[in-house]
Amino acid sequence: MDFWPVFVAVAAFASSLSGVLGDQLTVLRSPQYVTFREGQWPLAGEKVPDLVALTMGFSVQEDLDWPGLAAGSLFQRPRATALIAVRGVGTLDLPSNTSSYPLENPVPFTLDSVANTIHTLFAESTPVVLQLAPSEERLYMMGMANTVFEDLPVTLQQIRTRLSQEGSVLHSLPLHSLSRNSEADLLFLSEVQVLHDISALLQRHKHLAKDQAPDLFSLELAGLEEIARRYGNDSPQFQDATKILASVLQKFADDVYSVYGNNAVVEVVTVKTFEAPLTRKSRSILESKQISNPGSPYNLAYKYNFEYAVIFNIVLWLMILLALAVVVIAYNLWNMDPGYDSIIYRMTNQKIRMD
């Protein structure tokens, strides 16, 4: 019996199954001029910030060799981008009409470079840059956001108070096996509450979506990872939490997409676990540590940066212009007739005649 066709079929099935059950990048919403091609092209985890920058119309240090993103419009850019990173699960039961791509090498990443670009290019505007990530206080908000979000509860203690108030998600979500007294369950519910509050604030202050500066929302959720660590992946608590999170993320994407007039990109990254822990420190988003080449272990400088072409053309044409100017001036000086062209000769000649 020839086992080779059977082996090939099993390997292909395992490969497709790993693509479905592995870490994923899912595009929930995107405008028509930002095209994501259908396919199972893997994307490296460290390239996620570059993908976000390109979808927003910004340039990146290195070209993104990934066929999943088609060339976009030169005259249109999304007015907002929201990236939600979910830790603790490889995939969620999201709508089938979304575009999903396998994620390789899921290393921790931040969108600090994209936020710095927004603040540099739109310094005179007030873009919304909201970054939410786990920390020692479970949640914190860093960066420069609009004053509308100053009262957004971010620490676990603040969100516990928010959960007990009127209009919290505890009164609208089917908790089923989740408990209000469990630390892990409260962390998960607090993140769901933050998503709900951000969406409510955007709908209440729709003027934020009408300025020229693009907005950025970067949210990292670790509540599902805590539930998996506490109860296990096969527990009813984990199953109920994944269903709740999938529905909440879809509603959040629809709300953001609607507030920004169908000009927003909403992406979800689901990661079972990161390969290395990410240490976050509270700081201003405008602070950036200058590293010549962060991708090199030897701290080597780049061959050239993204401004190389501009500087090269300025220096080149300035040198050519100066060289031509020197040639023209030298030619005219060489062929000058002192009796007719030199003002010094004419002035001294008249003075000699008068004397």
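Below, all heavy atoms of this structure are taken into account, side chains as well, without hydrogens, waters or symmetry copies. Worth saying up front: this structure is predicted, and the values here are computed from it rather than measured.
Nearest heavy-atom pair across Gly45 and Pro49 is O-CD, 4.2 Å. Taking every heavy atom of both residues into account, Arg230 and Ser182 meet most closely at NH1-OG, 3.3 Å. Scanning all heavy atoms of the two residues, the minimum distance from Ser168 to Gln193 falls at CA-OE1, 3.3 Å. Between Leu170 and Leu189, the closest heavy-atom pair is CD2-CD1, 3.4 Å. Contact between Asn262 and Pro31 at its shortest, heavy atoms only, is O-CB, 3.5 Å. Contact detail for Pro67 and Arg37: the closest heavy-atom pair is O-NH1, 2.8 Å.
For Asp63, the CG atom sits in a loose shell: 12 or fewer heavy atoms of surrounding residues, nucleotides or ligands are nearer than 6.0 Å. Heavy-atom neighbours of Asn313 CG from other residues, nucleotides or ligands within 6.0 Å: above the threshold of 12. At most 12 non-hydrogen atoms from other residues, nucleotides or ligands lie less than 6.0 angstrom from CZ of Phe312.
At a threshold of 4.5 Å between non-hydrogen side-chain atoms, the residues Val89 and Phe238 count as touching. In this structure, the side chains of Thr270 and Leu94 stay at 4.5 Å or more apart for every pair of heavy atoms. Counting only heavy atoms from C-beta outward, the side chains of Asn335 and Tyr331 approach each other to under 4.5 Å. Using a 4.5 Å heavy-atom threshold, the side chains of Ile84 and Val269 count as separate. Side chains of Phe58 and Arg77 form a contact here, defined as non-hydrogen atoms less than 4.5 Å apart. In this structure, Leu103 and Val271 have side chains that are in contact, with non-hydrogen atoms separated by less than 4.5 Å. Annotation: side chain of Asn105 is in contact with side chain of Glu46 (closest heavy-atom distance under 4.5 Å). For the pair Phe36 and Leu51, the minimum side-chain heavy-atom distance is below 4.5 Å.
Cluster annotation: Val328 is not connected to Leu333 through the hydrophobic network of ILVMFWY side chains, with a link wherever side-chain heavy atoms come within less than 4.5 Å. The same ILVMFWY cluster, assembled from side-chain heavy atoms under 4.5 Å apart, contains both Ile311 and Met319.
Using a 3.5 Å distance cut-off with no hydrogens or angles, the side chains of Ser100 and Thr26 do pair a donor with an acceptor. Gln237 and Asp185 are not linked by any side-chain donor-acceptor pair at a separation below 3.5 angstrom, with hydrogens and angles left out of the test. No side-chain donor-acceptor contact under 3.5 Å links Gln239 and Asn233. Using modelled atom types, one finds no donor on one side chain facing an acceptor on the other under 3.5 Å when comparing Asn263 with Tyr257. Between the side chains of Thr81 and Tyr260, no donor N or O sits under 3.5 Å from an acceptor N or O.
Although no hydrogens or angles enter the test, the distance criterion places a donor-acceptor pair under 3.5 Å between the side chain of Trp66 and the main chain of Trp41. Side-chain atoms of Ser199 never come within 3.5 Å of backbone atoms of Leu195 as a donor-acceptor pair (strictly under, hydrogens ignored).
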(request) Could you please spell out the steps behind the side chain to side chain contact (heavy atoms under 4.5 Å, CB included) verdict for Ile118 and Asp215? (result) CA-CA 8 Å; Ile118 293 176; Asp215 299 336; over 6 Å; no
(request) List the steps and the verdict of side-chain hydrogen bond (donor to acceptor under 3.5 Å, both in side chains) for Asp112 and Gln131. (result) CA-CA 9 Å; Asp112 290 353; Gln131 295 180 272; 3.1 Å; yes
(message) Test side chain to side chain contact (heavy atoms under 4.5 Å, CB included) on Thr273 and Arg87; report intermediate values, then the result.
(response) CA-CA 6 Å; Thr273 180; Arg87 289 162 40 183; over 6 Å; no
(message) Assess the residue pair Leu132 and Glu220 against the criterion (side chain to side chain contact (heavy atoms under 4.5 Å, CB included)); give the C-alpha distance rounded to whole Å, side-chain angles, the decisive distance to 0.1 Å, and a yes or no.
(response) CA-CA 6 Å; Leu132 200 66; Glu220 184 177 342; over 6 Å; no
(request) I would like to know whether Leu28 and Glu267 meet side chain to side chain contact (heavy atoms under 4.5 Å, CB included); could you show each step before the answer? (result) CA-CA 6 Å; Leu28 293 180; Glu267 300 163 317; over 6 Å; no
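Of the residues Asp23, Leu219, Leu224, Thr91, the one that meets the side-chain contact (heavy atoms from CB on, under 4.5 Å) test with Val86 is Leu224.
Between the CG atom in Leu121 and the CE atom in Met56 there is a gap of 10.0 Å [rounded to 0.5 Å]. If you take CG on Leu54 and OG on Ser59, they are separated by 8.5 Å, rounding to the nearest 0.5 Å. Summarising the geometry, atom CZ belonging to Phe188 is positioned 12.5 Å from atom CD belonging to Glu226; distances are rounded to the nearest 0.5 Å. With rounding to the nearest 0.5 angstrom, the CG atom of Leu163 is 9.0 Å from the CZ atom of Arg180. One finds the CD1 atom of Ile227 at 8.0 Å from the OG atom of Ser235 (value rounded to the nearest 0.5 Å). Summarising the geometry, atom CD belonging to Gln24 is positioned 9.0 Å from atom CG belonging to Leu92; distances are rounded to the nearest 0.5 Å.
Residues Asp197 and Arg162 are paired through a salt bridge, judged by an N-O separation under 4.0 Å between the basic side chain and the carboxylate. One finds a salt bridge joining Glu62 and Lys47 here, because a Lys/Arg side-chain nitrogen approaches an Asp/Glu carboxylate oxygen to under 4.0 Å. Between Lys243 and Asp93, no side-chain nitrogen of the basic residue sits less than 4.0 Å from a carboxylate oxygen of the acidic one, so the salt-bridge criterion is not met.
Judged as a salt bridge (charged side-chain N to carboxylate O under 4.0 Å, His left out), and not counting sequence neighbours, Asp240 has no contacts.
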